[in-house]
Chemist: 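Structure in structure tokens, see below.
Both ligands and their constituent atoms are indexed starting at 1 by order of listing. These values consider heavy atoms only, across backbone and side chains, with no hydrogens, waters or symmetry-generated copies.
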Amino acid sequence: MAAGGGGRPPGPESSLEPYVQTRIFKIIVIGDSNVGKTCLTFRFCGGTFPEKTEATIGVDFREKTVEIEGERIKVQVWDTAGQERFRKSMVEHYYRNVHAVVFVYDVTKMTSFTNLKMWIEECNGHAVPPLVPKVLVGNKCDLKELIQVPSSMALKFADAHNMLLFETSAKDPKESQNVESIFMCLACRLKAQKSLLYRDVERQQGRVQKLELTQDANGKNSCPC
Ligand SMILES: Nc1nc2c(ncn2[C@@H]2O[C@H](COP(=O)(O)OP(=O)(O)OP(=O)(O)O)[C@@H](O)[C@H]2O)c(=O)[nH]1
Ligand SMILES: [Mg+2]
């Protein structure tokens, strides 16, 4: 809610009301084409499974405002392209100032799991600091009969790379809480990193946000980890 009225620009000096800055966490979602990156980000930000998706070209941005321990935080999700030809001009942008990384594989496709090594190398090659939290997501767990990547193998890989493992399904509505947990877990970890700079888009645009005490539907999340 923008503060306004009164003939002068609103600001802390013109009101006794408390003001907050909104932190934005940039989280990129990386992995082979067709593993379900678009569906996972859609599930988290929109709450549904998209009927039909097409290969992502470049990047699609999705955003969700969450509340963690009383602070409203914008989770800005970068849904990246898995196909080389649709991503090569964008790779630098993906990794610039990234706050957290989600590596996704398809539990029904072993190559998408073995290719994770390549995705991690790409990430490391872009000087992403070791402190940037990373998680591993095995998607399409609803396809139980077709699973190729055993949980034990994925867990070993996750441990070796110091990542948490989430096995889930963007499609199965019963798993939606688990999908939520992936991003909320990262947001909680980032919130705990006090060194992150506050970014305040509204302030840059000449507007100032007032502290809102009302909770929105997205804001009822508590820290899952
Ligand atoms: N059964 C099942 N299918 C899924 C799931 N998630 C995604 N899919 C399907 O997998 C296909 C690819 O999904 P996308 O989300 O477009 O894949 P992507 O990783 O974004 O692919 P790129 O944009 O090319 O990198 C689509 O047909 C989805 O319907 C899931 O959890 N379960
Ligand atoms: Mg996509």
Chemist: Side chains of Asp106 and Ser112: is there a donor and an acceptor less than 3.5 Å apart?
Modeler: no
Chemist: Identify the closest protein heavy atom to atom 16 (O) of ligand 1: which residue and atom is it, and at what distance?
Modeler: Thr53 OG1, 2.7 Å
Chemist: Answer whether the closest heavy-atom distance between the side chains of Glu63 and Thr65 falls below 4.5 Å.
Modeler: no
Chemist: If you take the nearest heavy atom of each of Glu175, Lys171, Lys140, which one is closest to atom 8 (N) of ligand 1?
Modeler: Lys140
Chemist: Heavy-atom distances under 4.0 Å decide this one: backbone, side chain, both or neither, for Thr38 against ligand 1?
Modeler: both
Chemist: Of all the atoms in ligand 1, which lie at a distance below 4.0 Å from a heavy atom belonging to Ser169?
Modeler: 31 (O)
Chemist: Within the 4.5 Å heavy-atom criterion, are Met184 and Lys64 side-chain neighbours or not?
Modeler: no
Chemist: Got a second to check how far Ser169's OG is from Lys174's NZ, nearest 0.5 Å?
Modeler: 9.0 Å
Chemist: Counting heavy atoms only, which part of Asn139 comes closer than 4.0 Å to ligand 1: side chain, backbone, both or neither?
Modeler: side chain
Chemist: Quick check: Gly36 and ligand 1, any N/O pair under 3.5 Å apart?
Modeler: yes
Chemist: Using modelled atom types only, decide if a donor and an acceptor are shared between the side chain of Arg87 and the backbone of Ala81 within a distance under 3.5 Å.
Modeler: yes
Chemist: Any nitrogen or oxygen of Asp79 lying under 3.5 Å from a nitrogen or oxygen in ligand 1? Just yes or no.
Modeler: no
Chemist: Just say parallel, tilted or perpendicular for the rings of His126 and Tyr95, cut-offs at 30° and 60°.
Modeler: parallel
Chemist: Starting from atom 31 (O) of ligand 1, what is the nearest protein heavy atom, named by residue and atom, and what distance separates them?
Modeler: Ala170 N, 2.9 Å
Chemist: Could you tell me, atom by atom, which parts of ligand 1 come under 4.0 Å of a heavy atom of Asp32?
Modeler: 19 (O)
Chemist: Taking only heavy atoms of Phe49, which atoms of ligand 1 are found under 4.0 Å from at least one of them?
Modeler: 4 (C), 5 (C), 6 (N), 7 (C), 8 (N), 29 (O)
Chemist: For atom 28 (C) of ligand 1, what's the nearest protein heavy-atom neighbour? Residue, atom name and distance, please.
Modeler: Cys39 SG, 3.8 Å
Chemist: Quick one: which ligand 1 atoms are inside 4.0 Å of a heavy atom on Asp142?
Modeler: 1 (N), 2 (C), 30 (C), 31 (O), 32 (N)
Chemist: Among all protein non-hydrogen atoms, which one is nearest to atom 12 (C) of ligand 1, and what is the separation to 0.1 Å?
Modeler: Asn34 OD1, 3.1 Å
Chemist: Please list, chain by chain and in numerical order, all residues satisfying side chain to side chain contact (heavy atoms under 4.5 Å, CB included) with Ala100, sequence neighbours excluded.
Modeler: Ile27, Pro133, Leu186, Leu190
Chemist: Please determine if the Mg ion (ligand 2) has an N/O/S atom from Thr38 lying under 2.8 Å away.
Modeler: yes
Chemist: Leu143 versus ligand 1: do any nitrogen or oxygen atoms come within less than 3.5 Å of each other?
Modeler: no
Chemist: Restricting to N/O/S atoms, is Thr53 within less than 2.8 Å of the Mg ion (ligand 2) or not?
Modeler: no
Chemist: Got an N/O contact under 3.5 Å between Glu54 and ligand 1?
Modeler: no
Chemist: Does Lys134, at its NZ atom, have more than 12 non-hydrogen atoms belonging to other residues, nucleotides or ligands within less than 6.0 Å?
Modeler: yes
Chemist: Please report the interatomic distance SG(Cys45) to CG(Asp79), rounded to the nearest 0.5 Å.
Modeler: 9.0 Å
Chemist: Can you pull out the closest protein heavy atom to atom 24 (O) of ligand 1? Residue, atom name and distance to 0.1 Å, please.
Modeler: Ser33 OG, 2.6 Å
Chemist: Ligand 1 and Ala55, any nitrogen or oxygen pair closer than 3.5 angstrom?
Modeler: no
Chemist: Measure the acute angle between the ring planes of Phe44 and Phe183, then classify it against the limits of 30° and 60° as parallel, tilted or perpendicular.
Modeler: parallel
Chemist: What are the atoms of ligand 1, with element, lying closer than 4.0 Å to any heavy atom of Lys37?
Modeler: 15 (O), 17 (O), 18 (P), 19 (O), 20 (O), 21 (O), 22 (P), 25 (O)
